[in-house]
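Everything numeric in this text was worked out from a predicted model, so none of it was measured. Note on naming: letters A, B, ... go to the chains in the order of the sequence lines (proteins, then strands), and numbering restarts at 1 for each one.
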Amino acid sequence: MLTLEGLRIEQGGFRLSADLQVAPGALVAVIGPSGAGKSTLLATIAGFLVPASGRVLWNGADITEAEPGQRSLSIIFQDNNLLPHLTAAQNIGLGLRPSLRLSDAESARVSDSLARVGLAGLGERKPAAMSGGQQSRVALARALLRARPCMLLDEPFAALGPAQKTEMLELVKQLATDTGAAVLMVTHDPQDALRLGGQTILVADGVAHPPQDTGGLIANPPEALRAYLD
Amino acid sequence: MARRAQPLGLATGIAAAGLVLCVAFGTLGAVALRAEGMARLGPADWAALRFTLFQALLSAGLSVALAVPLARALARRQFPGRAALVTLLGAPFILPVIVAVLGLLAVFGRNGLVSTVLGWAGLPPVHIYGLHGVVLAHLFFNLPLATRLLLQGWLAIPAEHFRLGASLGFSARDTAQLLERPMLRAAMPGAFLVIFLICTTSFAVALTLGGGPRATTVELAIYQAFRFDFDLGKAALLAMLQFAIGGVAAALALRFTVPAAAGAGMGHPQRIWGAGSGALRAQDAAVILLATLFLITPLATVLLRGAPNLLTLPVPILIATLRSLAVALCSAALTLSLALPLSALINALPRRQSRLVEALAYLSIAASPLVVGTGLFILLFPVTDPVALALPVTALVNAVMALPFALRAIAPAHARAEADFGRLADSLSLTGFARLRLLILPRLRRPLGFAAGLSAALSMGDLGVVALFADQSHATLPLQLYRLMAGYRMDQAAAAGLLLLICSLALFWVFDRGGRLDADA
């Protein structure tokens, strides 16, 4: 259970407040106009930003000040998820050991996770030799291997074509179901939110609203969302 | 790409390229014809070659090695004055070498600050003349350059990579190994080679701090063969040797991508996790403090010693100042009149040929002003009195030397202006001078101002070719300053140095500022 308790984020003139909970294993889209603070919200949950006030709780424990690596979550960015000088397998291996000194068992787990995202046998490729979709799959494979109970996705598929994006969303859903992880995915496309098929956090006018059922929200949008959708 | 052919523009561009070729390589031909057999190279000349290479290797190696902790500290710390310090790191580029040497002497010389402090402790004074001094001066100029190059590398690492490292729990060691070392492996060879190249052609440093059988560079040997023995054949032979060094170093440097040190985007430090420990903070603070002291103290000494005598400088110094200002302004005008047609030519030619023109212009970085000067002297000597032409020759050589930097600023902006508005101008039949006046010049105000400022400042402080040509009646301010230093008139030298510093910085500031003034975004 992820809890944002009286959270206030301030950056220059920018302000965002959040008071909400995300249930274990929930699939949650984060939508809202650009500049509303969707990525900022994720960066705060991930520990890259310190909020001005309020707390971030994981299963009741305060992690507001915890180092990013100490938190029970994985994050995937829009781009630059892979280190260009490392192979796909090494990039995944970082999720187990940053030193990359992997045991045979660990290497086998890396190969296994590659296979699960549909990239069996491509472990020796470097990112530059892979398509955008394949790179996203490598990043997902690493998140899969780390098996943290919460996955943050910051518009990871924005650069992909429609068909590939649908494919990746299906993959995310499947992996989340397999591992029981909660997913928070930033997107600016309401269709993505519908495809994810869970709840939606609307970020608008300086507030991140508590998650609501996506279907109901889109069918009957509040004022702030209507302005964005139209 | 459909672009209206502009025969007039192309012709000027080709003429400009021709002039650059003549100055950089035609003079080399003159040198080659005049040079005598390799047998004339004595042990002293081979010693000069060895010293040139050795001091350049040492200077480049130390600059790049010391730049690593400094760039890292600047990349990951935010502190008041950080922006000013990063700007200061760009300043040595337009700083007259002779002024820096004057400052370094005041700090590290026999009667300098460091020796005085050592004296209190009963230790002998430091020796600045020779290898130490040459390397120290090269460090003063190139540590900032190396730092800016590496800092750019650090800031070019995507912020997501550092965030990724943080969320995967990288230790400081992991971050160094996985994120920073690959960047350094890519950036360091280019930085090293550029600095090596600069250090093989830094005549003014060798002239003021080197000398003697153990610390003479090839350029200094050219100067001595020229001024003391008037042995043109020997000078030409040494010039060939110098050109070989520069050519090899430049060819190597061209194989590596060298990022532009004047680039933007040095505003904000990276947020690097895992570097928050007290020991690392203290280390970074110490590195930044030491580097700042090393860069500021010499200039502060020139300022403090020079200021009281600034208003009582003798008339010959003031006349030399006017002469230098005139040369600097001519050099700036020449640089622009060469750079504009060249950049038009680069933009008009197909890609392969345009790369060639660009490479030719950049190769003049490798051409030593002393070699060019020797060639020009050999060419002019039979026809006229080269000494009488000392100042125009200086302006021309300075302009050609500033050209690569000017092109680097102007050509991309020129290409952008044509890409954005070229079709509009074509559809309005805007050609020739009208196109230049109404489209190109207004769009290029900023890079033109920057290039003119750079060229003027470099020329103002130049102590190279003018030392070969000029006599007392044609002396520029840097040359007069050198003579004051050679005569140990240090108070007057400090005042003249301060004046030179003010002139160089003011020239750069006025032009650069002029380019920005009411320039539309």
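With a 4.5 angstrom heavy-atom cutoff, Phe77(A) touches chain B only via side-chain atoms. For Leu96(A), no part lies near chain B; criterion is any non-hydrogen pair under 4.5 Å.
Residue with the most contacts toward chain B among Leu86(A), Leu73(A), Asp79(A): Asp79(A) (heavy-atom pairs, distance under 4.5 Å). Among Pro182(B), Gly165(B), Pro158(B), Ser167(B), the residue with the largest count of heavy-atom pairs under 4.5 Å with chain A is Ser167(B). Between chain B and the options Arg71(A), Glu67(A), Arg146(A), heavy-atom pairs under 4.5 Å are most frequent for Arg146(A).
Ion pairing of Asp154(A) with Lys38(A) is absent here, as no side-chain N (NZ or NE/NH1/NH2) approaches a carboxylate O to less than 4.0 Å. Between Asp112(A) and Arg109(A), none of the side-chain N atoms (NZ, or NE/NH1/NH2) sits under 4.0 Å from a carboxylate O, so this pair counts as no salt bridge.
Checked against the 6.0 Å centroid criterion, the rings of Phe405(B) and Phe93(B) qualify as a close aromatic pair.
Met185(A) pairs in a side chain to side chain contact (heavy atoms under 4.5 Å, CB included) with only one of the listed residues (Val172(A), Asp192(A), Val30(A)), which is Asp192(A).
In the displayed structure, Arg271(B) atom CZ is contacted under 6.0 Å by more than 12 heavy atoms of other residues, nucleotides or ligands.
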